Amino acid sequence: MTSTIIAPSILSADFSRLGEEIEAIDRAGADWIHLDVMDGHFVPNITFGAPVIKAVRGRSKKIFDCHLMIEPADPYLAAFADAGCDIITVHAEATKHLDRSLQAIRDLGKKAGVSLNPATPESVIEYVLDRLDLVLVMTVNPGFGGQAFISSVVDKVARLKTMIGARPIDIEIDGGVTPQTAPLVAAAGANVLVAGSAVFKGGNEQAYADNIAAIRRASDGAMRSAA
């Protein structure tokens with residue numbers, strides 16, 4: 001049984017010390033670094049773009065997991081690949097040609113992900129499963145950090161797990177992840193957890209390490225019980 005992958009979202013970091021914060025969560029036990037890119041169009045917030053990612057890429061050798069909450073996404077895929085993102089995830093709701101977008105990400109030499117909003121059925125990815133490395137399931141409505149977990153999405157995770165079958169596709173959860181909610185999605189089949197507020201609370205490296213460990217313990221316990 002492999003351990004849960006914990007991907008802290010830098011959306012909750014201190015942006016005045018972003019490079020140092022990335023180094024701190026790296027040392028604190030983060031497996032991936034999650035990058036929430038928002039455009040103020042697809043979602044009601046603006047965060048950062050490819051130049052910021054490129055500027056901090058050298059601060060960690062961990063996987064840069066880029067979640068594009070932008071519309072359109074296709075014209076910017078090359079820029080995020082060039083910035084050093086290892087996984088690039090687009091929203092099914094933000095592209096008219098999902099298969100083409102996923103092919104474009106793979107053609108750039110990156111792993112391809114698709115994200116689903118809470119109200120989007122898992123059936124929309126049925127015909128692109130063989131293009132995918134990751135499915136990101138939103139357990140809040142995208143656009144802001146610190147929102148409450150939408151528990152009805154847990155059943156969607158279980159259905160996705162069945163749909164994916166033996167394919168080597170990660171199921172990632174983003175939104176409201178805490179030591180209390182992590183076991184719910186882990187038991188349903190998720191193996192990657194994005195956490196922002198729950199990781200960065202406390203504001204120092206030891207707190208980050210404790211927070212990451214707490215989420216991992218809760219999730220791993222649920223994975224073992226479900227196995």
Side-chain angles (χ1 to χ4, degrees), residues 2-9 31-38 42-43 63-71 73-74 77 80-81 85-108 110-143 149-177 181-196 215 219 222-223 226:
T2 56
S3 177
T4 307
I5 294 168
I6 307 295
S9 169
D31 300 298
W32 296 358
I33 310 298
H34 189 78
L35 307 155
D36 285 307
V37 177
M38 305 182 190
F42 178 64
V43 291
I63 287 173
F64 267 30
D65 173 34
C66 183
H67 177 194
L68 295 181
M69 288 170 270
I70 65 175
E71 184 181 9
D74 289 14
L77 297 176
F80 285 100
C85 299
D86 300 294
I87 304 167
I88 300 176
T89 295
V90 296
H91 268 263
E93 307 86 0
T95 177
K96 293 182 177 69
H97 304 286
L98 180 57
D99 186 272
R100 178 185 296 161
S101 300
L102 298 172
Q103 284 189 64
I105 295 168
R106 289 242 175 122
D107 287 346
L108 289 163
K110 306 300 180 178
K111 290 190 173 183
V114 64
S115 185
L116 305 176
N117 283 338
T120 301
E122 69 278 1
S123 58
V124 303
I125 66 168
E126 185 175 357
Y127 296 104
V128 296
L129 284 172
D130 293 323
R131 304 277 193 206
L132 287 174
D133 299 290
L134 176 144
V135 180
L136 192 166
V137 181
M138 294 301 300
T139 41
V140 299
N141 289 293
F149 180 88
I150 300 172
S151 59
S152 59
V153 180
V154 174
D155 288 340
K156 184 196 290 188
V157 175
R159 293 192 299 271
L160 271 168
K161 181 68 174 174
T162 299
M163 180 189 294
I164 288 168
R167 295 177 180 88
I169 299 173
D170 291 311
I171 298 178
E172 183 173 34
I173 301 299
D174 188 354
V177 171
T181 58
L184 304 176
V185 288
N191 68 307
V192 184
L193 301 181
V194 176
I215 295 169
S219 178
M223 289 173 72

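Predicted model, so just to flag it, every value in this text is computed and none were measured.
Minimum heavy-atom separation, P142 to H91: CG-CE1, 4.3 Å. Looking at every heavy atom in both residues, V140 comes nearest to G176 through CG1-N, 3.9 Å. Nearest approach of P118 to M138, heavy atoms of both residues: CG-O, 3.6 Å. Of all heavy-atom pairs between V124 and A92, the closest is CG2-CB, 4.1 Å. Among all heavy-atom pairs drawn from F149 and G175, the shortest one is CD1-O, 3.5 Å. Closest approach of G113 and L102 over heavy atoms only: O-CD2, 3.6 Å.
In this model, no donor atom of one side chain and acceptor atom of the other lie less than 3.5 Å apart for D65 and H67.
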Derivation of the salt bridge (Lys or Arg N to Asp or Glu O under 4.0 Å) call for K111 and D86: CA-CA 6 Å; K111 290 190 173 183; D86 300 294; over 6 Å; no

Residues L68, L77; criterion side-chain contact (heavy atoms from CB on, under 4.5 Å); working and verdict: CA-CA 9 Å; L68 295 181; L77 297 176; 3.8 Å; yes

Test side-chain contact (heavy atoms from CB on, under 4.5 Å) applied to T4 and I215, step by step: CA-CA 9 Å; T4 307; I215 295 169; over 6 Å; no

Full working for side-chain contact (heavy atoms from CB on, under 4.5 Å) between I125 and M163: CA-CA 10 Å; I125 66 168; M163 180 189 294; 4.3 Å; yes

D174 and S9: CA distance, side-chain angles, deciding distance, side-chain contact (heavy atoms from CB on, under 4.5 Å) verdict: CA-CA 9 Å; D174 188 354; S9 169; 5.7 Å; no

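Atoms NE2 and CD1, from H34 and I5 in turn, are 13.0 Å apart once rounded to the nearest 0.5 Å. Between the CD1 atom of I169 and the CG atom of N191 there is a distance of 11.0 Å, given to the nearest 0.5 Å. Separation of atoms CG (L193) and CD1 (I6) is listed at 5.0 Å; rounding is to 0.5 Å. With values rounded to the nearest 0.5 angstrom, D170 atom CG is found 11.0 Å from L132 atom CG. Rounding to the nearest 0.5 Å places OG1 of T95 at 4.5 Å from CG of D74. For the atom pair CG of D155 and CD of E122, the computed distance is 9.5 Å after rounding to the nearest 0.5 Å.
Not one N or O on the side chain of S115 forms a donor-acceptor pair closer than 3.5 Å with the backbone of V90. With hydrogens and angles ignored, the 3.5 Å screen pairs no side-chain donor or acceptor of R106 with any backbone N or O of A112. Using modelled atom types, one side-chain atom of R167 and one backbone atom of I164 make a donor-acceptor pair closer than 3.5 Å. In terms of modelled atom types and a separation under 3.5 Å, the side chain of K156 and the main chain of T120 share a donor-acceptor contact. When atom types are taken as modelled, the side chain of D31 and the backbone of A7 share no donor-acceptor pair closer than 3.5 angstrom. In this structure, the side chain of E93 engages the main chain of N117 through a donor-acceptor pair within 3.5 Å.
No side-chain heavy atom of V157 sits under 4.5 Å from any side-chain heavy atom of K161.
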